[in-house]
Student: 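Structure below; questions to follow.
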Amino acid sequence: MTTTHLNPLVHGIFDPATWTVTYVVYEKPGSACAIIDSVLDYDPKSGRTSHKSADKVIEFVKANDLKVAWILETHAHADHLSAAPYLKQHLGGQTAIGDHIGGVQKVFKGIFNMEDNFKVDGSQFDHLFAEDEAITMGKLTGNTLFVPGHTPACVAYQFGDAVFVGDTLFMPDVGTARCDFPGGDAKTLYASTRKILSLPPATRLFMCHDYPPNGRPVNFETTVAEQKAKNIHVHDGIGEAAFVDMRTKRDATLEMPVLILPAVQINIRAGELPPKEDNGIAYVKIPLNAL
């Protein structure tokens with residue numbers, strides 16, 4: 001595992017429409033930065049997109065004179081659309097995701113009967129990170145952690161004492177991610193949570209989402225120590241069998257995310273819209289009875 005002694009500054013931007021947090025990770029004002037898990041605003045009733053959330057990221061980056069090196073995705077999200085192309089257009093940087101994304105693309109290319117020339121090799125992204133691959137970003141050096149289970153291609157990104165866990169973990173009073181999407185697996189997710197929770201106790205963990213119960217304020221930062229002590233699904237003492245049983249039963253009760261159909265189709269394209277048809281309009285598909 002390759003990290004640096006430098007611990008980054010982290011700025012989180014919460015999107016209340018999708019309960020998603022986009023992060024800007026950097027050493028100091030004027031340094032290089034990475035943007036993690038951006039949000040493209042999408043109205044499911046009209047099909048219209050907008051950039052309110054992404055513009056907040058751009059405003060912060062410019063206000064701090066940051067230079068975008070990376071626009072990172074922890075996985076192909078099913079609950080929000082990525083704003084990566086818009087951010088790249090305005091700020092530069094390389095788009096990247098874990099190198100198992102091709103398997104996810106292959107599954108969903110079939111489900112959505114996507115165009116024949118859609119490639120399932122991850123080439124829509126500028127870079128694919130392998131497990132434990134270093135991430136160079138100015139004086140900060142990050143590391144890629146392979147943490148499948150929610151999807152078969154999930155990764156987390158570590159910079160110094162900060163780890164961006166994607167959907168693998170939620171805040172301690174929320175628990176863990178579902179595992180019933182194609183390629184998801186509760187046993188695999190349990191192993192991924194233990195990988196993260198084997199890091200030093202003071203390691204800062206940053207969630208991709210927060211769904212606060214009981215009216216508590218939104219919060220998306222915790223630590224390994226707090227997760228091990230309090231996470232309702234995977235605190236110390238909960239074994240694999242108990243977790244898999246709980247996760248399987250719970251997932252069977254959950255509805256699909258509101259934005260899963262457009263989100264997956266866009267996000268496996270690195271945030272790009274599908275090709276425009278002969279009327280000049282791009283469309284997403286609704287496969288009846290397929291999901």
Student: Salt bridge check: are E115 and R269 linked by an N-O gap of less than 4.0 Å?
Tutor: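 Judged by the 4.0 Å cut-off on N to carboxylate O distance, E115 and R269 do form a salt bridge.
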Student: Any Lys/Arg nitrogen of D210 or R216 sitting under 4.0 Å from an Asp/Glu carboxylate oxygen of the other?
Tutor: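 Yes, charged N to carboxylate O under 4.0 Å.
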Student: How long is the span from the CG atom in L140 to the CG atom in L6, to the nearest 0.5 Å?
Tutor: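 L140 atom CG to L6 atom CG measures 5.5 Å (nearest 0.5 Å).
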Student: So which atom in E73 and which in I97 form the shortest heavy-atom distance, rounded to 0.1 Å?
Tutor: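 Looking at all heavy atoms of both residues, the shortest contact is O-CG1, 3.5 Å.
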Student: So, H233 versus Q227: side-chain donor-acceptor pair below 3.5 Å or not?
Tutor: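 Distance-only check fails for H233 and Q227.
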Student: For a quick test of reading the model, state the closest non-hydrogen atom pair linking I111 to P182 and the distance between them.
Tutor: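 Closest approach of I111 to P182: CD1-CG, 4.3 Å.
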Student: Donor-acceptor pair, distance only, cut-off 3.5 Å: does the side chain of S123 make one with the backbone of K119?
Tutor: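 The answer is no, because no donor-acceptor pair under 3.5 Å joins these two groups.
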Student: Taking K276 first and then D278, would you say they form a salt bridge - that is, a charged N and a carboxylate O separated by under 4.0 Å?
Tutor: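 A salt bridge is absent here (no side-chain N lies under 4.0 Å from a carboxylate O).
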Student: So does H77 get a backbone contact from the side chain of N267, meaning a donor-acceptor N/O pair under 3.5 Å?
Tutor: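 Yes, N267 side chain to H77 backbone: donor-acceptor pair under 3.5 Å.
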Student: Using a 3.5 Å distance criterion without hydrogens, assess whether the side chain of K52 forms a donor-acceptor pair with backbone atoms of D41.
Tutor: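 Such a contact is absent between K52 side chain and D41 backbone.
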Student: Would you say CD of E59 has more than 12 non-hydrogen atoms from neighbouring residues, nucleotides or ligands within 6.0 angstrom?
Tutor: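 No.
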Student: Is any side-chain N of the basic residue among D43 and R48 closer than 4.0 Å to the acidic one's carboxylate O?
Tutor: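 Not counted as a salt bridge, because no side-chain N and carboxylate O are separated by less than 4.0 Å.
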Student: Consider only side-chain heavy atoms of I, L, V, M, F, W and Y, link residues closer than 4.5 Å, and tell whether W70 and F159 are in one cluster.
Tutor: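 Per the 4.5 Å side-chain linkage, W70 and F159 are co-clustered.
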Student: For atom NZ of K187, decide whether the heavy atoms of other residues, nucleotides or ligands shown that lie under 6.0 angstrom number more than 12.
Tutor: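 Counting neighbours around NZ of K187, 12 or fewer heavy atoms of other residues, nucleotides or ligands fall under 6.0 Å, so no.
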Student: Look at the aromatic rings of F220 and Y23 and report parallel, tilted or perpendicular, splitting at 30° and 60°.
Tutor: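 Rings of F220 and Y23: perpendicular, as their planes differ by over 60°.
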Student: With distance as the sole test, does T20 use its side chain to make a donor-acceptor pair with the main-chain N or O of T18 at under 3.5 Å?
Tutor: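 Side chain of T20 to backbone of T18, a donor-acceptor pair under 3.5 Å: yes, one is there.
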Student: Assign the ring pair H100 / F146 to parallel, tilted or perpendicular, where the plane angle (0 to 90°) is split at 30° and 60°.
Tutor: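 H100 vs F146 ring planes: parallel.
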Student: Whether K88 and D126 form a salt bridge (side-chain N of Lys/Arg under 4.0 Å from carboxylate O of Asp/Glu) is what I want to check.
Tutor: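 Salt bridge flag = yes for K88 with D126.
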Student: If I compare all heavy atoms of G184 with all of P152, which pair ends up nearest, and what's the gap?
Tutor: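 Looking at all heavy atoms of both residues, the closest pair is N-CD, 4.4 Å.
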Student: Do V234 and L199 land in one hydrophobic cluster if side-chain heavy atoms of ILVMFWY residues count as linked below 4.5 Å?
Tutor: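 Linked, V234 and L199 end up in one cluster.
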Student: With rounding to the nearest 0.5 angstrom, report the CD1 to OG distance, I13 to S53.
Tutor: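 These two atoms lie 8.5 Å from each other.
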Student: Say you draw a straight line from OG1 of T222 to NZ of K228; how long is it, rounded to the nearest 0.5 Å?
Tutor: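 T222 OG1 to K228 NZ: 12.5 Å, rounded to 0.5 Å.
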Student: Do the charged groups of R178 and D180 touch, with an N to O distance under 4.0 Å?
Tutor: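 Judged by the 4.0 Å cut-off on N to carboxylate O distance, R178 and D180 do form a salt bridge.
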Student: Has the side chain of K139 got a donor or acceptor atom that lies under 3.5 Å from a matching backbone atom of A32?
Tutor: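 Not a single qualifying donor-acceptor pair exists.
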Student: Should L205 and W19 be counted in the same cluster of Ile, Leu, Val, Met, Phe, Trp and Tyr side chains packed under 4.5 Å apart?
Tutor: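 Hydrophobic grouping puts L205 with W19.
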Student: Would Y283 and L273 show up in the same hydrophobic cluster when neighbours are defined by side-chain heavy atoms closer than 4.5 Å?
Tutor: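 No, because Y283 and L273 fall into different hydrophobic clusters, even though each may have its own neighbours under 4.5 Å.
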Student: Parallel, tilted or perpendicular: which fits the ring planes of F129 and Y157, with parallel below 30° and perpendicular above 60°?
Tutor: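 Taking Y157 first and then F129, their aromatic rings stand perpendicular (interplane angle over 60°).
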Student: For the residue pair F170 and Y211, does the interplanar ring angle fall in the parallel (under 30°), tilted (30 to 60°) or perpendicular (over 60°) class?
Tutor: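 The rings of F170 and Y211 stand perpendicular, inter-plane angle above 60°.
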Student: Are I260 and D79 side-chain neighbours, meaning at least one heavy-atom pair lies under 4.5 Å?
Tutor: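 The answer is no; the side chains never approach within 4.5 Å.
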Student: To the nearest 0.5 Å, what is the distance between CG (L87) and NE2 (H51)?
Tutor: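 Between atom CG of L87 and atom NE2 of H51 there are 8.5 Å.
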Student: Donor-acceptor check, side chain of Q265 to backbone of K285, threshold 3.5 angstrom: yes or no?
Tutor: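 Answer holds: yes.
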Student: Out of curiosity, does L91 fall in the hydrophobic cluster containing F60 (side-chain heavy atoms, cut-off under 4.5 Å, transitive links)?
Tutor: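 Result: yes, single cluster for both.
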Student: Check each of I101, V120, I268 against K106 using the side-chain contact (heavy atoms from CB on, under 4.5 Å) test, and report the only one that passes.
Tutor: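 When side-chain contact (heavy atoms from CB on, under 4.5 Å) is applied between K106 and each of I101, V120, I268, only V120 qualifies.
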Student: Should L189 and P148 count as side-chain neighbours, where that means a heavy-atom distance under 4.5 Å?
Tutor: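 Result no, sub-4.5 Å side-chain heavy-atom pair not found.
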Student: Does D173 pair with K230 as a salt bridge, N-O distance under 4.0 Å?
Tutor: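 No, D173 and K230 are not salt-bridged.
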Student: For a quick test of reading the model, state the closest non-hydrogen atom pair linking V155 to V147 and the distance between them.
Tutor: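 What the structure gives for the nearest pair is C-CG2, 3.6 Å.
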Student: If we ignore angles and hydrogens, is there a donor and acceptor under 3.5 Å between the side chains of T176 and R247?
Tutor: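 Distance-only check passes for T176 and R247.
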Student: Please round to the nearest 0.5 Å and tell me the distance separating atom CD1 of I58 and atom CG of L66.
Tutor: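 It comes to 13.0 Å.
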Student: Do the side-chain N and O atoms of D37 and T22 include a donor-acceptor pair separated by under 3.5 angstrom?
Tutor: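 No, because no side-chain N or O of D37 sits under 3.5 Å from a partner of the opposite role on T22.
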Student: Looking only at side-chain N and O atoms, does D167 offer a donor or acceptor that is under 3.5 Å from a partner on H150?
Tutor: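 There is such a pair (donor and acceptor under 3.5 Å, judged by atom type) between the side chains of H150 and D167.
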Student: To the closest 0.5 Å, what do you measure between CZ (R194) and CZ (F243)?
Tutor: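 Answer rounded to 0.5 Å: 10.0 Å.
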Student: Ignoring hydrogens, what is the shortest heavy-atom contact between C208 and H80? Give both atom names and the distance.
Tutor: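 Reported closest heavy-atom pair: SG-CE1, 4.5 Å.
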Student: Determine whether a donor-acceptor pair (N or O, by modelled atom type, separation under 3.5 Å) exists between the side chain of S38 and the backbone of A83.
Tutor: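 Confirmed, S38 side chain pairs with A83 backbone.
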Student: Counting only heavy atoms from other residues, nucleotides and ligands, does the tally under 6.0 Å from NZ of K62 exceed 12?
Tutor: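 It does not: K62 NZ has 12 such atoms or fewer within range.
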